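Keep in mind the model is a prediction, meaning the values are calculated, not measured.
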Amino acid sequence: MHKLYGISFQRSWPKRYQSFPIELEKLTTLNREHDTVLLQEVGGVKGLSDLLKSNLDKGVNPNDDELLQRRNLYGANTYPRKKRKNILRFVFEACQDLTLAILMVAAAISLTLGMTTEGVDEGWYDGGSIFLAVFLVILVTAISDYRQSLQFRHLNEEKQNIQVEVVRGGKRSPTSIFDLVVGDVVPLKIGDQVPADGVLISGHSLAIDESSMTGESKIVHKDQKAPFLMSGCKVADGYGSMLVTGVGTNTEWGQLMANLSEDNGEETPLQVRLNGVATFIGLVGLSVAGAVLVVLWIRYFTGHTENPDGTTQFVAGNTGVKQGFMGAIRILTIAVTIVVVAVPEGLPLAVTLTLAYSMKKMMRDKALVRRLSSCETMGSATTICSDKTGTLTLNKMTVVEAYFAGTKLDPCDDISQISDNSVALIIEGIAQNTTGTVFLPEDGGEAELTGSPTEKAILYWGLKIGMDFHGMRSKSSIIHVFPFNSEKKRGAVAVQSDEGVHVHWKGAAEIVLSSCKSWLSVDGSVQPMSDEKHDEYKKSIEDMAANSLRCVAFAYCASDIEMISKEDIANWKLPEDDLTLLGIVGIKDPCRPGVRDAVRLCTTAGVKVRMVTGDNIETAKAIALECGILDANGLISEPVVIEGKVFREMSESARADAADRIIVMGRSSPNDKLLLVQALKRKGHVVAVTGDGTNDAPALHEADIGLSMGISGTEVAKESSDIIILDDDFTSVVKVVRWGRSVYANIQKFIQFQLTVNVAALVINVVAAVSSGDVPLNAVELLWVNLIMDTLGALALATEPPTDNLMKRNPVGRREPLVTNIMWRNLFVQALYQIAVLLIFDFAGVRILRLQNENRSNAEKITNTFIFNTFVFCQIFNEFNARKPEEKNVFKGVTKNHLFMGIIGITTVFQVLIIQFLGKFFKTVRLDWRLWLVSVAIGVISWPLAYLGKFIPVPVKPLQNYFKPRCCRRARRDEEEGGQT
């Protein structure tokens, strides 16, 4: 028993857990209080690791049973999820629709009066049919919303499943953040997220951004005096390793995450625009329905509405109150149903469906969407600023050339001519000035390397020239580190051994070379760097760069131990000007297969690809030519190919002028990339940017679409991005562009389809209501049409896969209208055809269909059933037309979309069931085969009509722009929004 915060705890653990001497409560106190006294009481970090049965160098035993034991005792690195909404909650939300609520009230009144006047057996059909139709609409909507919520939840979980490196059994390997246990040893480097609470084992210039936990943007430096690390914070600088002492809800971060609700309510810009469109159309529909209601009530109560048998429906003084009330309610249901059809609630649903579908498919194409709006924006991208290493290239690096001790090694690992002292210095620099590691299996298998691809390539070359990694590191100790800096393009380490203190530098070849005043010769003697030797080395760097090689130089200098203040060693500025060049390696990183084709595809699609890299300008130029970004026959000089420093030093206006022409930027810093993005945006471009480093975060955040790398990207870069490219491949970036365009295209297809139904249904019902006092499409029929049009139509059209044709057109402009002139043409052609044909049948159907021999009531029922059936088949066939608004062949690839074909099939089957078997509910009668053929034939005519309609030319100027006052207002509003953005 012991006390914590004045509360006594007593816990009797099973025997198998008693092998860990330290209890969970004590660890929790240590983590939350950052209690250095308690840490010293348990023997510091070493004593704590012993209590946790861990090893500071080798980590915990990777045995599954032991890992499970640790999870059971100290908790798992997970936190309880908020309980997700069940299907009933979505049903309840679907019931909130005002028009459906009014319909249910009307149905309840109709049901009550019907059963009272006509008896239970016959009187329930009118109200009951509306109830069933409304219930079906609610159920389908709720199921659709529920499925989308599950999909977004799954994608959220994918985003949170961060991969971290952990040392277990002496081997460093990647694992899920959720699999960490107390006692694990975790290496940390710049850009990483601290995956759990822990204590620093060792670190060099390690600085942590604790703003996510403390709210203060101050960077905190960690050392043995301040060793506590908090889960959820970011590594701002340096590197080190930590001992995990708290996981999951036993950390402040875990408790915070457990109390946060998962918000999937993000509205994308397109959804906001469509909500506005839906509201406008709904208001028009409401106005029309209101006018129809007034006209029908006036006609009804003034005795101008007749029954099917020719008798007047309402005669003042003769018609009973119940009967008159029933008639008024019937008219109200017609008006409300017109509103249901007019309100295109399927528009926002279509966006949600197509985004959910696209996100799911993009995961298969190695792209994880972090922000929904980026799916849409990517379709408008006009330029992609891409990294070179790992995105355009394979990121599988190999040292293929080496210049050491003033001579070229041939082969590159032949050091037989170099003195032992020189080789020892080179190996010391490789082994100590690295963030990578070498793991040698006990069975004598091949060495396993960890670290960045560049580090691994250099370490592998070091092994080939005889490096004993662990032996060399044990001979000297690191006393100070200058971590690799993307601004200075180099990093250094000061090591102390029996021979004194050596400061080893490694970095961009021409930058390190410029700091060297001497070079190491074959016999180990130090020679002054003459102009001739400097030019010789410079020429070798240029030759390697021209062959697409990344050039990395090694240099060192000796330092007097007496000159180093041990008390102030953390602030010691490592000497960087009077260096001795050890050598240069050329690292080959081949272009990714398919990149050249992907770049060509982007060019065809009107998307300009620019390369922004920290590599040598000559290397960048060579890779750009290899990838097809630069044209060998085109201009290859400033500003097409430019160094970051030159661009940085330009005035803002000069940068703006140069930005459009820049294709390759070499030796760029993250700030140069940010300046380029800003300049391109000011020129009106929609900019996509790739990035993997912590310092890329500002550019990723500033860009319209930030694309971080899933493999090489740091957590800081990923959190600043909109989309994570999981395989770091440029071809996946191009697939994202394709999907972005598909999102926009699919929504346009649905808008064209829905507006056609809106216009046709409204006009037919309004004209019929005003002229005859009745409508050919009743409430239940219109609800079925609404279901086809909204939910099923959205499902069918919003899930169309992207086509090659999408990448043969220019990007969609930010302010281009949603409904294009081509869509207006297609819409008017189909809507006018449907209105004309169906109104002809409404007014002269009895004569055309030769129903004169039928009694008036039956003839009217057959005509109305025929109109309803024809109207539905017009929509079914027009759904095919909506697939390809711009192409004449609307059937291309239709059989590959199984969901589309399934929905068409289901709709057709249900329509047959409604007409032939559900007449009492829908107030329809069975049609003979001749009328079925006519209905289908009228629907089929929409196909050749759509084909011929596409020969009608359309003006280039958008139709909306002809309404000048409205257009001016919209433009002014857009400018204001753009300024705010």
Review point. Are the side chain of Lys489 and the backbone N or O of Ser668 linked by a donor-acceptor pair below 3.5 Å?
Key: yes
Exercise for review: Apply the test side-chain contact (heavy atoms from CB on, under 4.5 Å) to residues Trp253 and Gln193: give CA-CA distance (whole Å), side-chain angles for both, the deciding distance (0.1 Å), then the verdict.
Suggested key: CA-CA 12 Å; Trp253 177 255; Gln193 176 176 313; 4.2 Å; yes
Check your understanding: What are the two closest heavy atoms between Gln748 and Met823, and how far apart are they?
Key -> O-CE, 3.1 Å
Check your understanding: Side-chain contact, heavy-atom cut-off 4.5 Å: Glu887 with Asn805?
Key -> yes
Check your understanding: Are side-chain N/O atoms of Asp729 and Thr731 paired as donor and acceptor at under 3.5 Å?
Key -> yes
Check your understanding: Within 45° of the axis and under 6.0 Å from the centre of the six-membered ring of Phe900, does NZ or CZ of Arg883 qualify?
Key -> yes
Exercise for review: Decide yes or no on side-chain contact (heavy atoms from CB on, under 4.5 Å) for Met807 and Val607, but give the supporting numbers first.
Suggested key: CA-CA 9 Å; Met807 297 300 281; Val607 181; 5.7 Å; no
Practice item. Check Ser386 against Phe730 and note the closest heavy-atom contact, atom names and distance. Key: OG-CD1, 3.8 Å
Check your understanding: Is there side-chain contact between Arg610 and Leu680, with heavy atoms separated by less than 4.5 Å?
Key -> yes
Check your understanding: Shortest non-hydrogen contact from Ala679 to Ala656?
Key -> CB-CA, 4.4 Å
**Study point:** Side-chain donor/acceptor of Arg741 to backbone N/O of Arg809, under 3.5 Å
**Key:** yes
**Study point:** Ser380 side chain to Val812 backbone, donor-acceptor under 3.5 Å
**Key:** yes
Exercise for review: Verify, without hydrogens or angle tests, whether Ser708 (side chain) and Ile724 (backbone) share a donor-acceptor contact under 3.5 angstrom.
Suggested key: no
Revision key, fill the gap. Shortest non-hydrogen pair, Lys621 vs Leu630, comes out as CG-CD1, 3.8 Å
Point to revise | Backbone N/O of Asp728 and side chain of Ser732: donor-acceptor pair under 3.5 Å | key: no
**Study point:** Straight-line distance of Lys950 NZ to Glu886 CD, nearest 0.5 Å
**Key:** 9.0 Å
Check your understanding: Between Trp824 and Val819, is any pair of side-chain heavy atoms under 4.5 Å apart?
Key -> yes
Revision key, fill the gap. dist Leu795:CG -> Tyr357:OH (nearest 0.5 Å) comes out at 11.5 Å
Check your understanding: Is there a donor-acceptor contact under 3.5 Å from the side chain of Arg648 to the main chain of Asp672?
Key -> no
Report, one line per pair, each donor and acceptor closer than 3.5 Å where one atom sits in a side chain of residues 699-707; sequence neighbours left out.
| from | atom 1 | to | atom 2 | distance (Å) |
| --- | --- | --- | --- | --- |
| Asp704 | OD1 | Arg814 | NH2 | 2.5 |
| Asp704 | OD2 | Val687 | N | 2.7 |
| Asp704 | OD2 | Arg814 | NH2 | 3.3 |

Check your understanding: How many angstroms lie between atom CG of Asp179 and atom OG1 of Thr78, to the nearest 0.5 angstrom?
Key -> 10.0 Å
Review point. What class does the angle between the rings of Phe90 and Tyr146 fall in, given that below 30° is parallel, 30 to 60° is tilted and above 60° is perpendicular?
Key: perpendicular
Exercise for review: Walk me through it: do Ile903 and Leu899 pass the test side-chain contact (heavy atoms from CB on, under 4.5 Å)?
Suggested key: CA-CA 6 Å; Ile903 286 170; Leu899 184 60; 4.0 Å; yes
Revision key, fill the gap. For Pro698 and Leu674, the nearest pair of non-hydrogen atoms, with its separation, is O-CD1, 3.7 Å
**Study point:** Asp696 side, atom CG; Cys385 side, atom SG - distance, nearest 0.5 Å
**Key:** 11.5 Å
Review point. Which is it for Glu165 and Ser173 under the side-chain contact (heavy atoms from CB on, under 4.5 Å) test, yes or no, and what are the steps along the way?
Key: CA-CA 5 Å; Glu165 281 198 326; Ser173 56; over 6 Å; no
Check your understanding: With distance as the sole criterion, is a donor-acceptor pair present between the side chains of Asn746 and Lys749 under 3.5 Å?
Key -> yes
Point to revise | Min side-chain heavy-atom separation Ser712-Asn395 under 4.5 Å | key: yes
Review point. What heavy-atom pair brings Thr714 and Ile190 nearest, and what distance separates the two atoms?
Key: CG2-O, 3.6 Å
Practice item. Would you confirm whether Lys808, through its side chain, and Thr604, through its main-chain N or O, come within 3.5 Å as a donor-acceptor pair? Key: no
Review point. Hey, is NZ on Lys189 packed in by over 12 heavy atoms from elsewhere, all under 6.0 Å?
Key: no
Exercise for review: Would you check if Arg370 and Ser721 make a side-chain contact, meaning some heavy-atom pair closer than 4.5 Å?
Suggested key: yes
**Study point:** 4.5 Å side-chain heavy-atom contact, Ser742 and Lys361
**Key:** no
Review point. With respect to Lys388, which candidate in Thr619, Thr690, Asp615 satisfies the side-chain hydrogen bond (donor to acceptor under 3.5 Å, both in side chains) definition?
Key: Asp615
Revision key, fill the gap. NZ of Lys588 to OG1 of Thr398, rounded to nearest 0.5 Å, is 10.0 Å
Point to revise | side chain to side chain contact (heavy atoms under 4.5 Å, CB included) partner of Arg550, chosen from Thr454, Asn616, Ile623 | key: Thr454
Practice item. Would you mind reporting whether Arg592 and Thr391 have side-chain heavy atoms less than 4.5 Å apart? Key: no
Check your understanding: Any side-chain donor paired with an acceptor under 3.5 Å for Thr393 and Asp589?
Key -> yes
Point to revise | Non-hydrogen side-chain atoms of Thr389 and Met397 separated by less than 4.5 Å | key: yes
